[in-house]
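Step one of this worksheet: look at the structure below.
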Amino acid sequence: MVQSRRRSGNYRCPRRAALPAAALLLFLLAAVALLYVSPPPLADHPVLASSRRRRSAHTLLNSSGAGSMEEFERREISRAPTNGSAVRDDLWGSKLASKFYGCSNSSSRFLDSNITTQPERYLMIVTSGGLNQQRTGIIDAVVAARILNATLVVPKLDQASFWKDSSNFSDIFYADWFISSLSKDVKIVKELPHIGGKLRAPHRMRVPRKCTERCYLNRVLPALLKKHVIRLTKFDYRLANRLQTDLQKLRCRVNYHALRFTAPIQEMGEKLIQRMRERSMYFIALHLRFEPDMLAFSGCYYGGGEKERRELGAIRKRWKGLHPNPEKGRRQGRCPLTPEEVGLMLRALGYRKDVHIYVASGEIYGGARTLAPLKALFPNLHTKETISSKEELAPFSKYSSRMAALDFIVCDESDAFVANNNGNMAKILAGRRRYFGHKRTIRPNAKRLYPLFLNRGNMSWDAFSSKVHMVQKGFMGEPKELRPGRGEFHENPSTCICERTDGKAVARAKSQDDQVLNSVADQGKGIGEPAVPNHTDEEAGEPDDDEDVPADKEVVDAEMVDDVLAGDPELEQILSD
């Protein structure tokens, strides 16, 4: 019967049974095909690995509490691949960098110094602070001399402050190059010459911070015309952040081209770079500010328990007007990241355990104990002391500015630069790296990283990494990250960065006079330079640093900080760089 029914074609398989069987067969065939085309190792499958990590984290948390997440994270991220050749390209540079370049040549309206410099007008300045704060003073001194149509005497460096460095300008910077390279912009001499057959004593004065062009013409020029020689003391941040286009470009020519270190400093710096390159194709430079005084003044808590509270509290008693609020400081992003937090941020961004890091730092509060968590995340930590001999560093080791110059050179040439603070060195290097090709420069978004560090025990490593990527967007040194005019000009020299359009450079400098660049090299499109503000108060600078902060947001009490610093000049020097 069965055979006859099959031959007659009257037998039909039930539809309900056939469809699931066919679907199952197709699914199995597809799965086999996928495995045949690209069979991933089961242990490395991202879905399974993520699931495993979540289960492992859950087990640790249930057994040991939330604190064991730290141990879990360190164990898990240490399993990251260490093959340097597989590192993502975007960790070491911007894909958009080739579309931008530094452009600082003057316009045709910027007259030669032989025409503008007036006789018997000499400007002398005394810088203040560490190497990088003094650098900003030197840059602004050249511009101030141009505003006054005066001859600049080579600046005198600060030799009496906390740093106690006896170095002269020519001990750190190549003085002859400084003078010759700026000869068309400002006349510069090494020593004050005799005027009318005699050496005149300079008239000492100090200008307000962020003094505008009009401020110099109203305050300094009358005295200069009468006394012929003016010495501006404590010359730090004594020039407005916003100036007309040609003066901003002069700032860039001084900063990025005229200020060169002396041959011994430059050669030693290049040796350090070469030794870092011998260890790794790419390396990170970390500027780590974690000195006891700096931490005490910040008023923040860094996880050192009662010992830290006692030690930093004793230092903090020096400043009677300082009333710290550690939690508020953290929320506002005013606390320097700890070495461990820097390490966690870098690992979350994708830098692997085998990456080599050059650490530029002074005294680290807590010493090796403080650095231990960072070293666990990145074992290949180096300093100028560990990759060179005492004999090599001997000519520099007694001079803080020369040692700082060595760190500056290595940080400048690193493939990625990161700082745990936003001091002068971090700002100047950020601007310099933008000007010379937008090299990867990481500015920790401390305000938004804080809650992630606080709650990282309640999330998987993958979730933490994803959130770090998100909050660091806009803080990685990409072109146009900062709005033109935002922040200090040394950090964001937008006037001096031009953009190539459709393979050609189109000239457009936005200024009051719509000046036209006169150099083929500068035939570029200026990226959004702001117009010079028309100040109603000729003596005042502009509060541009906080111009984007909404009125209802918490801000740092700048006046309180300035009052405290004014009572402790030594502290101001410590915090400056």
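Since we're looking at a predicted model, the values are computed, not measured. Every heavy atom of this structure was used, including side-chain atoms; hydrogens, water molecules and symmetry mates were not.
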Suppose we call two aromatic rings close when their centres sit under 6.0 Å apart. Are F169 and F178 close by that rule?
yes
Apply side chain to side chain contact (heavy atoms under 4.5 Å, CB included) to the pair K398 and M403, showing each step before the final yes or no.
CA-CA 8 Å; K398 294 180 181 179; M403 293 289 274; over 6 Å; no
Is it true that Y237 and H490 have ring centroids separated by less than 6.0 Å?
no
Distance only, no hydrogens: is a donor on one side chain within 3.5 Å (strictly under) of an acceptor on the other, for N492 and S494?
no
Exactly one of T127, D158, D236 clears side-chain hydrogen bond (donor to acceptor under 3.5 Å, both in side chains) with Q133, and that residue is D236
Any donor-acceptor pair under 3.5 Å linking the side chain of R146 with the backbone of D185?
yes
Within 45 degrees of the ring normal and closer than 6.0 Å to the centroid, is that where the cationic atom of R434 sits relative to Y101?
no
Residue pair E499, K480: steps toward the salt bridge (Lys or Arg N to Asp or Glu O under 4.0 Å) verdict:
CA-CA 10 Å; E499 179 179 4; K480 296 186 177 181; 3.1 Å; yes
Would you please indicate yes or no on a ring centroid separation below 6.0 angstrom for F261 and Y174?
no
Answer yes or no on whether R206 is positioned over the face of F235, meaning its NZ or CZ is under 6.0 Å from the six-membered ring centre and within 45° of the axis.
no
Over all heavy atoms of both residues, which pair between V359 and T383 is shortest? Give the atoms and the distance, please.
O-CG2, 3.6 Å
Can you confirm if the aromatic rings of F100 and H438 lie within a centre distance of less than 6.0 Å?
yes
For the residue pair H287 and F417, categorise the inter-ring angle as parallel (less than 30°), tilted (30 to 60°) or perpendicular (more than 60°).
parallel
Would you say the rings of F290 and Y302 are close, in the sense that their centroids are separated by under 6.0 Å?
yes
Candidate list R334, K427, R289, test side chain to side chain contact (heavy atoms under 4.5 Å, CB included), partner N421, passing option:
R289
So, C300 with C335, SGs under 2.5 angstrom?
yes
Under the criterion salt bridge (Lys or Arg N to Asp or Glu O under 4.0 Å), I'd like the reasoning laid out for K439 against D415: C-alpha separation, chi angles, the key distance, then a yes or no.
CA-CA 7 Å; K439 293 185 283 187; D415 301 287; over 6 Å; no
The single option from I230, L225, V229 passing side chain to side chain contact (heavy atoms under 4.5 Å, CB included) against R121
L225
From CA spacing to verdict: disulfide bond (SG atoms under 2.5 Å apart), C496, C103
CA-CA 5 Å; C496 302; C103 52; over 6 Å; no
